[in-house]
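For ligands, and for the atoms within them, numbers begin at 1 and follow the listed sequence.
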Amino acid sequence: MNLTELTIAGARDALRAGETTAQALTEAHLEAVAEAGALNAFVHHTPEIARAQAEHADARIRRGDAPDMCGIPIGVKDLFCTRGVPSQAGSRILEGFKPEYESTITDKLFQDGAVMLGKLNMDEFAMGSSNETSTYGDAVNPWRAGNSDASLTPGGSSGGSAAAVAARLCLGALGTDTGGSIRQPAAFTGITGIKPTYGRCSRWGVVAFASSLDQAGPMTRSVRDAAIFLRAMSGHDPKDSTSADLAVPDFEAMLTGDVKGQVIGIPREYRIDGMPEEIETLWARGIEMLRDAGAEIRDISLPHTKYALPAYYVIAPAEASSNLARYDGVRFGHRAKLGQGDGITEMYEKTRAEGFGDEVQRRVMVGTYVLSAGFYDAYYNRARRVRTLIKKDFEDAFAAGVDAILTPATPSSAFELGANFTPIQMYLNDVFTVTVNLAGLPGVAVPAGLDKRGLPMGLQLIGKPWAEGELLNVASAVEERAGFVDRPAKWW
Ligand SMILES: NC(=O)C[C@H](N)C(=O)O
């Protein structure tokens with residue numbers, strides 16, 4: 001058995017059947033991680049923790065007391081606080097920060113027996129779409145275009161998570177998604193990623209970027225794995241007042257693959273100018289797959305879509321400017337060296353100028369500006385009103401009988417690292433994904449084909465609030481028909 005080729009479902013079943021052990025799985029993955037330095041996916045390695053967790057998991061499996069994630073080697077995005085383990089959110093300003101507490105999500109996973117191999121690379125404070133704003137340097141996509149050896153982005157901000165899962169360094173990884181950070185990298189690396197409904201998973205102990213938009217989710221190599229992983233992460237947490245007090249369904253049991261009679265909406269506003277033909281064709285193929293599976297395809301309108309990106313890039317920086325005020329050189333991580341006569345103001349200024357990268361500084365400035373007294377109504381309040389309209393567009397579609405919405409996940413496949421996009425060009429990566437965060441809905445990206453260069457492309461499905469199970473079921477129908485089995489050739 002090739003242990004790094006298993007899915008989470010396959011590994012779980014093999015562990016329970018005694019065909020392998022958590023320790024063997026862990027060693028195989030630690031070895032894969034050690035060989036994959038060129039991908040720069042893992043930025044902190046925790047082999048001692050992994051080995052201790054695996055030993056413990058094996059004992060539980062032998063006792064017949066093994067939850068689904070017991071003994072499963074995973075990677076954790078650096079945005080999650082993990083007790084005693086560096087948790088830097090990809091930023092220099094959190095250099096040396098080792099939390100004294102565990103995030104609720106990692107705690108839940110560890111309670112279930114999951115094995116943490118280490119922390120994964122990401123854009124600084126989750127701001128970016130290419131993993132190029134990370135203080136650790138770029139994570140690299142394991143996929144390459146044709147015969148070219150140019151390094152491609154795995155997407156962002158959960159770039160390390162996507163690269164690690166696609167390269168078989170772990171069976172699944174934790175990501176977070178504020179405007180597309182799970183779904184875009186999943187699409188760029190040919191894996192599955194779901195952003196759950198806002199409130200499905202606790203945000204406690206996840207470094208905050210934009211609190212009304214942030215949501216954690218799993219990144220995996222199959223829809224079934226996403227269902228298993230998501231169930232283990234979900235649930236109410238009294239420590240996060242925005243987490244929902246709702247029962248968590250068995251998402252895996254809902255994967256029947258049957259979508260007969262379901263109404264799938266195709267929003268005409270997502271047919272944007274300049275959309276590459278290959279993405280358009282992929283979308284058309286997705287429509288055919290679902291029609292073929294017995295779903296009813298319906299053209300719909302989500303009229304405020306075009307205002308989503310500008311509204312997101314007002315609301316997210318506004319919240320970020322407030323959340324990031326706490327990094328002052330006193331409470332966490334990095335503090336600048338001070339000169340003679342420097343007072344507390346210089347300490348704040350120098351620390352923040354050194355500790356934050358350009359993109360983070362840009363967002364703090366934009367955010368502070370749109371919240372300032374003279375501009376609050378013109379920008380922040382207007383963006384909030386747009387957000388309400390976007391949410392209402394989706395509500396109207398669902399009220400008219402639509403069960404799920406199909407769109408492309410991204411407007412392109414993976415691009416080269418160092419492409420030197422302007423900030424606006426970079427933000428355009430999120431054009432199909434931010435609406436979902438603004439509306440608080442669940443969205444899943446599934447790999448559905450390769451482009452002419454041999455790079456993966458993904459489709460996005462958007463669901464009703466709390467309907468992750470139904471949504472993953474539609475995704476599984478696409479997965480089955482797309483038959484995406486391609487994988488990156490190993491060059492690292
Ligand atoms: N965090 C995210 O979901 C990524 C998004 N591209 C942003 O930079 O805000």
Between [Y] and [X], is there a salt bridge with N-O shorter than 4.0 Å?
| X | Y | value |
| --- | --- | --- |
| Glu479 | Arg224 | no |
| Glu468 | Arg200 | yes |
| Glu100 | Arg83 | no |
| Arg352 | Asp328 | no |

Sub-4.0 Å heavy-atom contact, [X] with ligand 1:
| X | value |
| --- | --- |
| Gly180 | yes |
| Arg363 | yes |
| Tyr313 | yes |

In the protein, which heavy atom is nearest to [atom], and how far is it?
| atom | answer |
| --- | --- |
| atom 3 (O) of ligand 1 | Gly179 N, 2.5 Å |
| atom 1 (N) of ligand 1 | Ala126 O, 2.6 Å |
| atom 9 (O) of ligand 1 | Tyr312 OH, 2.6 Å |

Does the N or O separation between Gly156 and ligand 1 drop below 3.5 Å for any pair?
no
Looking only at distance, does Met127 have an N or O less than 3.5 Å from an N or O of ligand 1?
no
[X]: numbered ligand 1 atoms lying under 4.0 Å from its heavy atoms:
| X | answer |
| --- | --- |
| Phe209 | 1 (N), 9 (O) |
| Thr178 | 1 (N), 2 (C), 3 (O) |
| Ser129 | 6 (N) |
| Gly128 | 4 (C), 5 (C), 6 (N), 7 (C), 8 (O) |

For ligand 1, indicate whether the residue Asp430 contacts it via side chain, backbone, both or neither (heavy-atom separation under 4.0 Å).
side chain
Proximity of Tyr427 to ligand 1 by residue part, where a heavy atom lies under 4.0 Å
neither
Below 30° counts as parallel, above 60° as perpendicular, anything between as tilted: where do the rings of Phe356 and Phe125 land?
perpendicular
State whether the side chain of Glu269 and the backbone N or O of Thr305 hold a donor-acceptor pair below 3.5 Å, judged by distance alone.
no
Which residues pass the salt bridge (charged side-chain N to carboxylate O under 4.0 Å, His left out) test with Arg335, sequence neighbours left out?
none
Are the aromatic ring centres of Phe375 and Tyr380 under 6.0 angstrom apart?
no
Test item: Asn141 and Ser151 side chains (from C-beta on) under 4.5 Å apart, heavy atoms:
no
Can you pull out every ring-ring contact (aromatic ring centres under 6.0 Å, His included) where at least one residue sits in residues 191-244? Sequence neighbours excluded, please.
Tyr101-Trp204
Just to be sure I'm reading this right: ignoring hydrogens, which of Ser158, Gly175, Ser181 gets closest to atom 2 (C) of ligand 1? Compare them by their nearest heavy atoms.
Ser181
